[in-house]
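Quick note on labels: first sequence line is chain A, next is B, and so on, each numbered from 1. In this text the structure is predicted, and so the values were computed from the model without any measurement. Basis for what follows: all heavy atoms, side chains included, without hydrogens, waters or symmetry-related copies.
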2 protein chains.
Amino acid sequence: MTIITYYCFMPASHPAPERFPVTVDVVALTVRDGELHVLLITRLIEPFRGRLALPGGFVLAGEDLLEAAVRELAEETGVEHLPGHLEQLGSYGPKGRDPRGDVLTVAHLLLAPDFPVLSAGSDAEQAAWYPVRDVLDGKLELAFDHARILDDALERAKSKLEYSPLGAAFCDEEFTIAQLRSVYEAVWGTRLDARNFHRKATGTPGFLEDTGRMTTGDAGRPAALFRLALEARPTPGQPTRAVLNPPLMRPRAVDPR
Amino acid sequence: MTIITYYCFMPASHPAPERFPVTVDVVALTVRDGELHVLLITRLIEPFRGRLALPGGFVLAGEDLLEAAVRELAEETGVEHLPGHLEQLGSYGPKGRDPRGDVLTVAHLLLAPDFPVLSAGSDAEQAAWYPVRDVLDGKLELAFDHARILDDALERAKSKLEYSPLGAAFCDEEFTIAQLRSVYEAVWGTRLDARNFHRKATGTPGFLEDTGRMTTGDAGRPAALFRLALEARPTPGQPTRAVLNPPLMRPRAVDPR
DNA sequence: GTAATTATCGTCATGTTGACAATAAAGCGA
DNA sequence: TCGCTTTATTGTCAACATGACGATAATTAC
């Protein structure tokens, strides 16, 4: 054991505020073979050694939250420039969620196309994609309160698809309507009518842009390739403007008077 | 100046994680005289002494975030049991948002009926309601990054009204359709057609419940008093189930085959 | 070539919306 | 008491969106 000492200079009239270790965790979701998958690491140290957990780690001095999330994700997957859309999900704690003491964690959500995770060395925590279903079914157990964070992430992802163009964050740069539909089906856990989905996706102004190219080589009729329209592209870390969904009661002004 | 020393016992093989002071801030919104107001305090200490700021303060040992937000709000308004709906908004920092050093803040959002703020003693920070418009217009300047947090809170509040029954969180237990409409108008900054709003509000299943009572004494025809239906009542701190809004593309399954 | 597969377009009944007319039920002032 | 004003509530209608599903197009598989 080592004794580590912090010095903190404060005006004597005010008590020193409590300081907390802060971690970032990332719920990285992707759609693989039509099924939703989440990126998990196998913990190599206590607590929860050997248990699956969300990738993440401590925020370092001088870092912002999003930076820390990007760094941790890069470290644990070996992927330099990560694809997809990253946003903050919410904060948990600090009370009673880590047996080592009070740790605040800021969870993040990454919606990404299926990217390959690089093998870590033998002494590094190995990240890999796991079917979300296996976690929900209890086949896989997560460390800490990560199951709850995953639940919240899934809820957020579902509603993001309803109200924003972020379904496309699961796709590559160019994609077909069917690929996009399979994202919706995987995240929502439903089957959707291909014809109505096509009408809706192509008919929503400011959502998709036809690239003019087509798929080749697949079974069946070739499909047109689309990309996200410029105005629908998410700014990393920024709240996404809803483009897809005119909801029921909308801020629509009546003639003032 | 006093030197405060922390001791932290850690396994020598791992470096001590950075620790950050963590604050909670609350964006408390209400509708007063048809206009959106936000609760602000006048800072009595540096930094930003004399400047307006969101109510908030440091998270204490053994506290959870929501607890801390409730405690700070109670301390700064003198209100014991706070009305309305409180939820987490998001976290900011820790880099470069406080001149004293890196401080992480977890912002919260309170949607509440117009409650009176108790006068603080002369040496306490005085909380009061201010028109949101004055902040947006630049007539009032906020400390730290609180203007940005307020922006995010307003965005969140607007979308909450679209997708959830939380507009009623601004009203008293029982309210008229016109009172509810004035909430929507204030938050969205628009005027809405009273007849269509009435149809929509009363016609949405699981939203409102007729109390059978009527208003008396106001000008014009008396209005029926409603309350939130049981299934639409928010659980404090819990994500709210959207009741109001069937959005355009919804998880609706097609006959599986 | 024929079948199977997938993509895309079209049709139609139903439901929701926005605009706005009409009516109901109170207070107010003459 | 009788209009007049004010606000609440009901109703109507055209335009549009949705869900269900038929039909057609353009490929690959055999």
Side-chain angles (χ1 to χ4, degrees), chain A residues 34 161-163 171 174-185 188 190-208 210-226 242-257, chain B residues 34 161-163 171 174-185 188 190-208 210-226 242-257:
Chain A
L161 293 211
E162 289 191 29
Y163 305 125
C171 299
E174 300 190 353
F175 50 87
T176 67
I177 302 292
Q179 284 164 357
L180 184 63
R181 175 165 48 86
S182 114
V183 165
Y184 280 72
E185 293 180 333
W188 285 343
T190 63
R191 291 195 58 80
L192 299 170
D193 183 274
R195 297 157 291 188
N196 291 337
F197 185 91
H198 190 281
R199 176 181 59 194
K200 179 66 178 167
T202 57
T204 299
F207 184 24
L208 297 182
D210 198 333
T211 64
R213 266 197 295 273
M214 311 283 286
T215 56
T216 58
D218 299 335
R221 174 174 169 178
L225 283 167
F226 292 84
V243 174
L244 241 198
N245 270 304
L248 206 38
M249 180 148 304
R250 264 258 277 335
R252 181 157 306 188
V254 84
D255 207 13
R257 211 196 78 76
Chain B
L161 293 211
E162 288 192 28
Y163 305 125
C171 299
E174 299 190 355
F175 49 88
T176 67
I177 302 291
Q179 284 164 357
L180 184 63
R181 175 166 48 86
S182 113
V183 166
Y184 280 72
E185 293 180 333
W188 285 344
T190 63
R191 293 196 57 81
L192 299 169
D193 183 275
R195 297 157 292 187
N196 291 336
F197 185 91
H198 190 280
R199 178 182 59 196
K200 178 67 179 168
T202 56
T204 299
F207 183 25
L208 297 182
D210 197 333
T211 64
R213 266 196 297 273
M214 311 282 286
T215 56
T216 59
D218 299 334
R221 174 174 168 178
L225 284 166
F226 292 83
V243 173
L244 240 199
N245 269 307
L248 205 38
M249 180 148 302
R250 266 257 276 333
R252 180 158 309 187
V254 84
D255 207 11
R257 55 154 263 118

Quick one, give me the B/S/- string for nucleotides 5-11 of chain C, reading 5' to 3', where B means a protein heavy atom under 4.0 Å from the base and S means that only happens at the primed atoms, P, OP1 or OP2. BBBBBBB

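- Both key distances under 3.5 Å define a Watson-Crick or G-U pair, and stretches of 3 or more such consecutive pairs in DNA chain D run C:1-30 with D:1-30.
- Between L180(B) atom CG and F197(B) atom CZ the span is 4.0 Å, to the nearest 0.5 Å.
- Taking atom CZ of F197(A) as the reference point, atom P of dA20(D) lies 16 Å away to the nearest angstrom.
- Residues L192(B) and T190(B) form a side-chain contact, since some pair of their non-hydrogen atoms from C-beta on lies under 4.5 Å apart.
- Considering only residues two or more places apart in sequence or on other chains, R213(B) meets the salt bridge (charged side-chain N to carboxylate O under 4.0 Å, His left out) condition with E174(B).
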Anything under 3.5 Å between a donor and an acceptor, one on a side chain of residues 214-222 of chain B, the other on a protein residue two or more places apart or in another chain? List them.
from, atom 1, to, atom 2, distance (Å)
T215(B), OG1, A223(B), N, 2.8
T215(B), OG1, A223(B), O, 3.4

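- If you take CG of L208(B) and C1' of dT9(D), they are 15 Å apart, rounded to a whole angstrom.
- In terms of heavy atoms, L225(A) sits closest to T211(A) at O-OG1, 2.7 Å.
- With sequence neighbours left out, the side chain to side chain contact (heavy atoms under 4.5 Å, CB included) criterion links A194(B) to R181(B).
- Side-chain atoms of L161(A) and V183(A), non-hydrogen and from C-beta on, do get closer than 4.5 Å to each other.
- Not counting sequence neighbours, R199(B) has no partner by the salt bridge (charged side-chain N to carboxylate O under 4.0 Å, His left out) test.
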